[in-house]
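Down below is the structure, laid out as structure tokens.
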Amino acid sequence: MGELLKVEDLIKSYSTGKNEFKALKGISFTVEEGEFVLLYGDSGSGKSTALNIIGGMDRASSGKVIVYNRDITSYSDKQLNEYRRNYIGFVFQSYNLINNLSARENIMLVSGKDPDVADKMLEEMGLKDRADAFPTELSGGEAQRVALARAMAKSPAMLLCDEPTGALDYDNSRRVMQAIKRLNRESGITVLMVSHNLAFLPIADKVIKLKSGWIESISENDSPISVEELEW
Amino acid sequence: MKYLLLKQFRDFRTSVFLNISVFFIAFFGVLFFSGLSAVGNNIQSGIDDFYDKHALAVYTVSNKISLSELSAIRDELCADGAAEMDAVTLKVNGVNRNALVSLFPSKDHRVNIPEIVSGTMPENSFEALIDVGFAETNGVKTGDKFTIKIEREPYEITIVGLARFPDHLYKGDSIPRIEETCVLKVYVDLDIKVDTLYIVTELDEQGIRDKLCAITDKNSFADAQIFGRDENVSVVRVRTDIQLINSLIAILPAICLIALCLILYVNMSKRIEDESYTIGVMSANGMGKMSIAVAYCLPYLIWILIGGLLGAIVGVSVMPGVYIGVLEKFYTLPTLPSTGTFGAIFLPLLILGAVTVFALIVAIIGVMMCTPTQLMRGRTKKSVKILNKVRLPLTLKLSLRNFLSYKKKSFFTILSAMLCLSLLFTSFLLDNSVDNLQETVYGKYYNYDTTISWNLGDGLDYNAVCEDILATECFDGIKYCVEFPATVMVGEQKSVIVSIIDEEDPCYDLYDGNGKIEFSNDGVYIPASYGKMESITLKAYGIDPKPLELPVVGSFTDMGLFGVIFTRGFIQNNVDFMNFFMTHGAEFAELSTTVYTVRSDDVTEEQARNSVKGLEEKYSAAFMYQQHSVTSDRFKQLFKVLDITELILFVVCGIMMILLIINISCLSISDRIKDYTIFKAMGVGAKRINFLNSLENYCSIIIAFILSLPLGMLISSEIIKGVTFITGVAVYLHVYTISIVILACGAALNAAVGNIFINRKISKVNIVDSLKIKE
């Protein structure tokens with residue numbers, strides 16, 4: 001496994017009038033290909049900010065984010081758009097599906113014209129029968145799995161998940177987590193997930209704990225457990 | 001409340017386009033309404049004042065009397081008399097012109113008092129006043145000398161003043177040809193007989209007859225022809241032209257205002273929908289619907305007030321001038337006031353204000369049907385599920401669904417775009433129809449290349465002149481057509497031109513529903529728009545018996561075109577045309593003053609000029625010629641009133657469309673900013689997003705475009721009908737015009753929506769902020 005992502009001294013600060021607030025105060029870590037990495041921390045620790053910058057949706061104030069040996073912090077808007085299109089699959093806490101597109105069409109929006117690809121993705125997510133359903137007809141868990149299928153439809157290098165179970169109940173959270181973990185294990189997709197839920201720590205290969213914009217600790221987990229074994 | 005208002009004013013920067021739109025909506029709405037109503041009011045009232053101030057004759061009596069009799073009448077009645085000579089030929093700067101010469105034997109004007117613009121009133125015999133409009137156009141100035149013939153004797157007259165004549169405001173008065181006619185008032189200290197009496201009195205017709213008979217002891221006044229002011233051809237023509245403008249005014253501002261109200265309604269509704277989160281917060285904090293409504297209404301009402309008042313200032317000061325400028329091509333108008341009416345300024349303001357308040361209150365009530373929690377959380381629209389199983393490009397599917405998702409907005413957008421486009425079409429339709437008319441009139445109905453006219457009053461032998469004309473190499477046919485102005489009662493008093501045409505080989509072709517009319521000699525043909533009439537009563541100077549009742553034997557129309565032709569003449573000349581085809585046409589020729597000789601085939605201007613020159617040398621009389629092409633061009637010039645309306649429509653509707661396009665694109669973006677952000681987060685390119693949004697706007701515009709065409713045709717035909725009083729007018733739109741409109745709309749959409757607004761707006765969208773994924 002090679003190094004996929006290298007974050008070096010990443011700083012993100014926001015100016016609010018005369019005050020400056022630093023969401024990230026210089027964090028550095030690496031992610032290997034196929035790893036399941038959990039960014040863990042309390043609210044305001046900077047984990048989502050880091051994920052947004054790694055996903056090319058936000059810009060760093062300083063530092064480097066090197067993906068496949070290329071520093072994306074120097075990318076133009078157009079390059080960042082291409083980066084998001086070709087390398088990143090993003091799963092949001094609030095699903096962010098297009099309301100007027102069915103489950104299948106939401107995936108096709110990213111995957112292209114072939115509905116078979118979308119149907120295959122939905123089948124993998126256990127949503128074969130829900131392909132024609134619209135977002136307002138889906139449960140939270142179903143919607144999040146459609147979002148996951150959409151993120152995976154273009155075979156990204158990295159799957160970035162921002163509190164993917166944050167808006168779900170226990171059963172649906174478990175199903176979504178199972179799907180993410182399965183993708184990681186079976187497809188070898190690198191997953192970088194943000195969560196403040198301690199219960200998810202045992203399933204990750206690596207846990208990066210953030211606190212007030214700093215990395216408090218990075219711990220490797222040699223024997224991560226499956227979601228089925230997980231209790232929370 | 002205070003802080004809510006403060007917020008509204010601070011929001012100006014974030015909703016700058018909306019505020020600009022509201023301003024311009026009020027500006028144009030009031031400009032159109034107040035400006036156009038000021039046009040009609042000012043012209044009519046200004047001219048009425050001018051008539052009264054300059055003692056325009058209340059009655060005109062046609063009868064020959066001596067100067068001594070006139071002197072007695074002047075003492076008893078407020079009266080003036082003159083010897084009127086129509087169609088005198090006057091050589092102005094080397095060009096023969098028709099002239100209406102009025103010989104008046106008294107320097108002291110009591111009736112039809114000229115308004116001196118420069119120079120002085122005539123003091124000596126053969127000093128003359130000339131119409132200022134004609135003088136300015138043709139470079140005539142005081143001190144210029146002309147020769148006129150009085151009873152075939154030449155007299156030299158000197159121009160001593162340029163004036164406006166209340167009895168002859170129309171430059172081409174009396175002569176039904178499309179050219180300016182010189183009006184001369186000559187003071188003559190000669191023992192002439194006057195043939196026309198001008199009287200300002202409160203007596204009725206019978207009272208005048210009795211009085212005149214008593215004063216002069218002449219029974220001839222018992223059946224003398226008397227024309228009231230309302231039967232004066234000049235007065236009727238001016239009034240009819242003002243009616244023409246008023247008929248335009250009646251239609252256009254109302255449609256514009258409706259379109260503007262719809263755009264306003266869409267904007268206001270959308271504004272409230274966009275503010276649902278804020279309204280939720282305010283509601284959660286205990287603010288009532290009315291307080292919220294007041295806070296949202298106030299800034300827009302201020303914009304409407306500012307825009308409306310500026311619109312009124314511009315409208316009242318500019319619009320009358322534009323239309324008066326057009327009328328001045330045909331009239332020598334007095335100085336007209338430029339004031340708007342209170343009602344015309346405040347009615348549109350009130351309507352626009354009411355629409356704003358109504359739209360905001362309805363939208364606020366609608367939004368506040370949801371609980372504050374729902375509003376603060378953000379309302380999710382129901383998915384539109386059509387075309388789910390249909391294989392269509394995803395972008396197209398999404399566009400159509402989005403379009404239906406926002407039904408109300410789409411409906412109002414289509415409606416307002418439809419109205420704007422229909423008015424835009426109207427401008428093209430009017431233009432194209434006029435083009436078509438010119439081609440039809442001068443390509444199909446008028447069968448001549450050149451007209452040659454001379455004055456029968458010069459005592460020339462008609463047949464001898466005709467023979468000479470035929471003898472010239474370039475002429476191979478001759479037809480006569482005698483024309484004179486008259487008034488006729490068709491619903492209301494109308495000024496008409498009576499044409500008596502060669503019965504065997506007329507220079508006009510007339511058509512009805514069955515094709516070309518074979519002329520009957522038994523009576524009169526009238527325009528079909530006059531309706532079914534058994535006979536018409538004609539009043540004209542010099543016609544005997546008087547008034548003349550003539551049987552109607554048919555009406556002419558060719559899908560309305562022929563009526564338009566004559567009505568187009570009506571626009572130019574302020575006259576309707578009516579054609580007489582009767583065996584005794586020659587009798588009328590004797591009574592009238594101008595004869596046109598008409599021929600066909602290709603005659604060049606040079607050939608016509610040489611022929612006329614030869615005739616002038618031979619007969620020592622003036623001959624006038626006019627090329628078909630020249631008349632045709634002048635014919636088109638007469639549509640200036642429509643041209644200016646077309647231009648105003650084009651400019652205003654163009655600006656309204658741009659505002660609309662900007663608005664709908666901005667609204668679309670704000671509606672779907674989250675969708676676009678998701679696309680962006682997924683790496684969908686800006687071009688594809690732009691295309692998607694453009695497609696939705698194209699849907700609105702294309703539907704509006706399709707609907708606007710018939711509406712535009714309806715409005716155009718109503719305008720033409722209003723202008724011409726004729727039904728069944730053919731309204732044309734050339735294919736190339738449609739192409740231009742489509743291209744223009746497409747280009748405007750692409751430029752405004754695509755490149756300027758959407759791309760810029762989308763490129764500025766911050767994914768993290770928009771999707772609220774910040775910690």
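Computed from heavy atoms alone, side chains included, the values below leave out hydrogens, waters and symmetry copies. Naming: A, B, ... by sequence-line order, numbering from 1 per chain.
When Asn86(A), Leu109(A), Leu51(A), Asp77(A) are compared by the number of non-hydrogen pairs under 4.5 Å with chain B, Leu109(A) comes out ahead. Chain B forms more heavy-atom pairs under 4.5 Å with one residue of Leu80(A), Asn81(A), Ile88(A), Val110(A) than with any other, namely Asn81(A). With chain B as the partner, the residue from Glu82(A), Lys78(A), Glu105(A) showing the most heavy-atom pairs under 4.5 Å is Glu105(A).
Heavy-atom neighbours of chain B within the stretch residues 144-155 of chain A, taken at a separation under 4.5 angstrom, comprise Arg150(A), Lys154(A).
Both the backbone and the side chain of Lys680(B) come within less than 4.5 Å of a heavy atom in chain A. For a residue to count as touching a neighbouring chain, one of its non-hydrogen atoms must lie under 4.5 Å from one of that chain's; by this rule Leu97(A) touches chain B with the backbone only.
The main-chain N or O of Phe92(A) is never found under 3.5 Å from a side-chain atom of Asn96(A) such that the two would form a donor-acceptor pair.
Taking the side chain to side chain contact (heavy atoms under 4.5 Å, CB included) definition, one finds that Lys289(B) meets it with Ile365(B), Met368(B), sequence neighbours left out. Among residues two or more places apart in sequence or in another chain, the side chain to side chain donor-acceptor pair (under 3.5 Å) test is passed with Ser219(A) by none.
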Please table the atom pairs, donor to acceptor, closer than 3.5 Å between any side-chain atom in residues 128-135 of chain A and protein atoms at least two apart or in another chain.
unit_1, atom_1, unit_2, atom_2, d
Arg130(A), NE, Glu142(A), OE2, 3.3
Arg130(A), NH2, Glu137(A), O, 2.7
Asp132(A), OD1, Arg104(A), NH1, 2.6
Asp132(A), OD2, Lys389(B), NZ, 2.5

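Under 3.5 Å, the side chains of Glu33(A) and Tyr68(A) contain a donor-acceptor pair of N or O atoms. No side-chain donor from either of Tyr14(A) and Glu20(A) sits under 3.5 Å from a side-chain acceptor of the other. No side-chain donor-acceptor contact under 3.5 Å links Ser28(A) and Asp9(A).
Across every non-hydrogen atom of His196(A) and Tyr40(A), the tightest pair is O-CE1, 3.5 Å.
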